[in-house]
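Please read these numbers as outputs of a predicted model, since none were measured by experiment. Below, each value reflects all heavy atoms present in this structure, side chains not excepted, and no hydrogens, waters or symmetry copies. Lettering follows sequence order; numbering is per chain, from 1.
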Number of protein chains: 2
Amino acid sequence: MTYKNSFREYLGKHGLKATRQREVILDAFLSAGSHLSTEELYRTIREKNPGIGYATVHRTLKLLAESGLAAQRHFGDGHTRYECSSEEQHHDHLICTVCGTIIEFENPGIERLQEQVAARHGFVIEQHRLEIYGRCAGCLVKKEKKQAI
Amino acid sequence: MTYKNSFREYLGKHGLKATRQREVILDAFLSAGSHLSTEELYRTIREKNPGIGYATVHRTLKLLAESGLAAQRHFGDGHTRYECSSEEQHHDHLICTVCGTIIEFENPGIERLQEQVAARHGFVIEQHRLEIYGRCAGCLVKKEKKQAI
DNA sequence: CATCTTGTTGAAAATGAAAATCATTTTTGT
DNA sequence: ACAAAAATGATTTTCATTTTCAACAAGATG
Ligand SMILES: [Mn+2]
Ligand SMILES: [Mn+2]
Ligand SMILES: [Zn+2]
Ligand SMILES: [Zn+2]
């Protein structure tokens, strides 16, 4: 509810209109898994709403990002991904290079050290991005099993 | 010298041929600034070697990355960038969102905390990437001057 | 050196995600 | 209901990157 109202508020304040499509896309975005690409969300939406076009999904996700309700992510496969950002705080990501699992984490120590590094170089931080790529626990187990055979 | 020999060695071991173009591109890559995009290096090379094509520059940079002599970077403008990687160790980047200046840094404390985070989630790290975006010292000074007027 | 095999080159075309276009439709204030 | 302004969706365009392919060059062999 709060999400929808926040979005409506943003739309109103910017002279944008509340449309059925935006509603549907927001709902789908909220109930779908996190870190979804435009393509993935579009496919999900198309199941129940074949009328909604790819361009509108693309534009609405961008709009959600601009409004602060969603955050864009770029994990290196050539797809922009989006996740909900209004309730959750800043976090960084552990990404499994085998199965694609994404784990979120926060580490105040790392954040603090980043501030120190920036200060040391006279930088003022606007944002940052830390991505750790590797093998998740599950994939490590599978690897062991394979070697055992 | 060492670079050229390393590259020749890599080529030889992989059944690839040492060509004039690859030599020229490696030289240009080594003497040009760091974090250059394919386009930027291509333009530089074209000044003295108009015959060398964009595709060849692209392929050679990819090859240098595969051989370990270069490292690819993605800083969010839609351009893949390359930097020399054989002599310098791992490092992360501070990137000025105003002037584009890139400062490299290493922080063992951050690296250590990353290992801890990964371990806590059962992850084994393969690689990571930390990019801090903000305003560099120079751009902050300029901003102050503007406000003073 | 001559010849052969195989990898390379460069121009052009293809690819694919993202963004723009535009005629038509929808929203919203009056 | 009406008019103005914005949104939609199919399609096209953009732009970095990658592939294609015929001509060419490198390196091995005799
Ligand atoms: Mn996340
Ligand atoms: Mn660097
Ligand atoms: Zn995994
Ligand atoms: Zn700067």
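- Residues A:Val24 and A:Tyr42 share a hydrophobic cluster, clusters being chains of Ile/Leu/Val/Met/Phe/Trp/Tyr side chains in contact below 4.5 Å.
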Donor-acceptor pairs under 3.5 Å, side chain of residues 92-99 of chain B to any protein atom, not counting sequence neighbours: which ones?
| unit_1 | atom_1 | unit_2 | atom_2 | d |
| --- | --- | --- | --- | --- |
| B:Asp92 | OD1 | B:Leu130 | N | 3.3 |
| B:Asp92 | OD2 | B:His90 | NE2 | 3.3 |
| B:His93 | NE2 | B:His35 | NE2 | 3.2 |
| B:His93 | NE2 | B:Glu83 | OE2 | 3.4 |
| B:His93 | NE2 | B:His91 | NE2 | 3.2 |
| B:Thr97 | OG1 | A:Glu126 | OE1 | 2.8 |
| B:Thr97 | OG1 | A:Glu126 | OE2 | 3.3 |
| B:Thr97 | OG1 | B:Gly134 | O | 3.3 |

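- For the ring-ring contact (aromatic ring centres under 6.0 Å, His included) test, no residue two or more places apart in sequence or in another chain qualifies with B:Tyr133.
- Ion pairing between a basic and an acidic side chain is recognised when a charged N comes within 4.0 Å of a carboxylate O; B:Arg59 and B:Glu66 show no such pairing.
- Atom CG in A:Asp77 sits roughly 9 Å away from atom P in C:dA18 (whole-Å rounding).
- A search for side chain to side chain donor-acceptor pair (under 3.5 Å) contacts involving A:Thr101 returns nothing, not counting sequence neighbours.
- Between A:Tyr10 atom OH and D:dA7 atom C1' the separation is 15 Å, expressed in whole Å.
- A salt bridge links A:Arg43 to A:Glu39: at least one charged side-chain nitrogen sits closer than 4.0 Å to a carboxylate oxygen.
- Rounded to an integer number of Å, the gap from B:Glu23 CD to C:dT8 C1' is 15 Å.
- Direction of the helix axis in the helix from C:dC1-D:dG30 to C:dT30-D:dA1 shifts by 30° between the two five-pair termini, rounded to 10°.
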Quick one: what's the B/S/- string for nucleotides 14-30 of chain D, heavy-atom cutoff under 4.0 Å, read 5' to 3'? --SBBBB-----BS---

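- Residues that satisfy the salt bridge (Lys or Arg N to Asp or Glu O under 4.0 Å) test with B:Glu106, not counting sequence neighbours, are absent from this structure.
- Judged by distance alone, the side chains of B:His128 and B:Gln114 do bring a donor and an acceptor atom under 3.5 Å apart.
- C:dA11 atom C1' lies 14 Å from atom CZ of B:Arg46, rounded to whole Å.
- Of the residues near DNA chain C, B:Leu11 and B:Tyr42, the one whose nearest nucleotide (by heavy atom distance) lies more toward the 5' end is B:Leu11.
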